[in-house]
Amino acid sequence: MPSATLLGQALISGVLAGGMYGLLALGLSLSWGLLRLVNLSHFALAFLAAYLTYELGTTYHVAPWWAAAMIVPVMFLIGIAQHWLFDKFKVNELASLLITFSFAVILEVAIQLYWTADYRRFETHYSTMSIKAGPFYIPVLELALCMVAGVLAWGTWLWLRKTYVGKALRAAAEDADIAAAYGVDHKKLAYLLSGMGAAYAAIAGTFIALIATLAPTQIWAWLGVVFAVVIIGRLGNPLGALLAGMLIGASESIAMAVFEPAWAPVVSFSVLIAILLWDPEWL
Amino acid sequence: MLLEARNLHVGYGDATAIWDVSLDVDAGEIVSVIGPNGAGKTTLINAMAGLLRCRKGELRFDGADMTCVRAYDYCGHGIALVPEGRRLFVKMSVEENLELGCYLAAARAHRQESLERVYGLFPVLRDKRRQLAGELSGGQQQMVAIGRALMARPRIVLFDEPSLGLAPTIVDDMFDIIMRVRQDGAAVLLVEQNVLKALDVADRAYVLEQGRIVSTGLPADLLKQPHIREAYLGV
């Protein structure tokens, strides 16, 4: 059994790493839950944003936050363009899975053609910085990521709860015809939400560039775990997505500390299956 | 005339469900459409609410041609639907359901006033306003569905089988509410299987069978017709 300090450190690292799962899950959960579109290209868009952040940072020495400020609006427009295709071809839930899978493959190939299959690392002086709190170390970048993810998840949650547009989106997800009978133009709102989803992918991408080592195949590395997070957090629930991300991150990290690192991938799906079987009231 | 349908044909997919239906509702009127199951009553009312496109014919509301108006613009003209089976947003709270009724800017400006009016009509909803709509009893859900329609400050309310699946005492309450809606200034188009009740509240009525209007007139006159007495009242 590892020491209390080691377990505590594992918990902190796990929760912070889980912030990334949550941030990636956010956009996916919104489009799946509220538009019934499963967007696998979400991961590819995040990596495109990560590579762009890397490119702007290493070639043009643009700070990552300025890079994000440029990339996020572009991704918002890409999200809208993507939704235009879904809308034009009246894509349903299953078809969206297949189509966005092919989008993702195309993006993967495009990234590989431009940036090659080599591993890329965006080195910054703050990538190794951490705050010391008692016996524990808190990496600054991951902490910033969790704060950004927290603000986005909380803000989106409030937006869905408190504004008429948010309520209209939730209502249309339940019964689009009746929502329309009360004046909700669901198509227009769907474009907005798709743009937001892609913008969230871009924000996640900026942090991926700073935290992870980039390779085109890494697009698929988070797919399984983030899907589990989206389902555990309940479709269309942004706060649920973030909390589920942190739960899975913490579980993985503690499993690695107590057992072996190889156990980590088993954890997310074990938690998913356990929660689906248990089906607690509060979820 | 407030609502005017002329020679309306409506259908789903390849099938036409109602043929050549002409029907009027004047301001402040309660008009009932009665008929057996599968006669096309819901199809008719969904077409009036903009949820179904008309194949042929004319649909006018307050003089405006509604056939080219998009579904989400019907409500803005003053048409509100209380759909069959209530179709509440069950994962949203009672108050959120009501707020969806005043989604459009013109109705939203009167949100507080309309909420007070609905809670005045249905005091029980005020106590349950934070609860999920799906957790309410059938009668209370019907109150939310009617309240949601009233929040839109409509000029006509379309009721589709409001008494379906409700206990007899609550059915009486629902018909009282329909009278109140008219008193408050809106016209009512009511589609019902409960023939006696529907004719009791109506100023005029239509009989819809197999997708066609077969008879129309004052409720008292319809009740005298042998066919109506035999088919709907069993006497």
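Numbered from 1 within each chain, the chains take letters A, B, ... in sequence-line order.
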Sole residue of I156(B), L59(B), V191(B) in side chain to side chain contact (heavy atoms under 4.5 Å, CB included) with M48(B): L59(B)

Residue that, paired with L189(A), satisfies side chain to side chain contact (heavy atoms under 4.5 Å, CB included) out of L35(A), V165(A), L34(A): V165(A)

Criterion side-chain contact (heavy atoms from CB on, under 4.5 Å) on F159(B) and I45(B), from CA distance to verdict: CA-CA 8 Å; F159(B) 285 91; I45(B) 217 154; 5.6 Å; no

Chain A contact via A149(B) - side chain, backbone, both or neither, heavy atoms under 4.5 Å: both

Which portion of L100(B) sits near chain A, non-hydrogen atoms under 4.5 angstrom: both

Validation: residues 72-83 of chain A side-chain donor-acceptor distances under 3.5 Å, sequence neighbours left out:
{"residue": "Q82(A)", "atom": "OE1", "partner": "N39(A)", "partner atom": "ND2", "Å": "3.2"}
{"residue": "Q82(A)", "atom": "NE2", "partner": "S41(A)", "partner atom": "OG", "Å": "2.7"}
{"residue": "H83(A)", "atom": "ND1", "partner": "S194(A)", "partner atom": "OG", "Å": "3.0"}

Got a list of the donor-acceptor pairs under 3.5 angstrom between chain A and chain B?
{"residue": "K167(A)", "atom": "NZ", "partner": "E99(B)", "partner atom": "OE1", "Å": "2.5"}
{"residue": "K167(A)", "atom": "NZ", "partner": "E99(B)", "partner atom": "OE2", "Å": "3.4"}
{"residue": "R170(A)", "atom": "NH1", "partner": "E96(B)", "partner atom": "OE2", "Å": "3.1"}
{"residue": "R170(A)", "atom": "NH2", "partner": "E96(B)", "partner atom": "OE1", "Å": "2.9"}
{"residue": "R170(A)", "atom": "NH2", "partner": "E96(B)", "partner atom": "OE2", "Å": "3.4"}
{"residue": "E174(A)", "atom": "OE1", "partner": "V90(B)", "partner atom": "N", "Å": "2.6"}
{"residue": "E174(A)", "atom": "OE1", "partner": "K91(B)", "partner atom": "N", "Å": "3.3"}
{"residue": "E174(A)", "atom": "OE2", "partner": "K91(B)", "partner atom": "N", "Å": "2.8"}
{"residue": "D175(A)", "atom": "OD1", "partner": "R87(B)", "partner atom": "NH2", "Å": "3.0"}
{"residue": "D175(A)", "atom": "OD2", "partner": "R87(B)", "partner atom": "NE", "Å": "2.8"}
{"residue": "D175(A)", "atom": "OD2", "partner": "R87(B)", "partner atom": "NH2", "Å": "3.4"}
{"residue": "Y182(A)", "atom": "OH", "partner": "L81(B)", "partner atom": "O", "Å": "2.4"}
{"residue": "D185(A)", "atom": "OD2", "partner": "Y72(B)", "partner atom": "OH", "Å": "3.3"}

Chain B contact via A179(A) - which portion, at a heavy-atom distance below 4.5 Å: both

Under 3.5 Å, side-chain donor or acceptor atoms of residues 244-253 of chain A against the rest of the protein: list the pairs with distances, not counting sequence neighbours.
{"residue": "S251(A)", "atom": "OG", "partner": "L247(A)", "partner atom": "O", "Å": "2.6"}
{"residue": "E252(A)", "atom": "OE1", "partner": "Y21(A)", "partner atom": "OH", "Å": "2.6"}
{"residue": "S253(A)", "atom": "OG", "partner": "A10(A)", "partner atom": "O", "Å": "2.5"}

Pairs touching residues 147-157 of chain A that satisfy salt bridge (charged side-chain N to carboxylate O under 4.0 Å, His left out), sequence neighbours left out: none

Non-hydrogen side-chain atoms of L8(B) and L23(B) separated by less than 4.5 Å: no

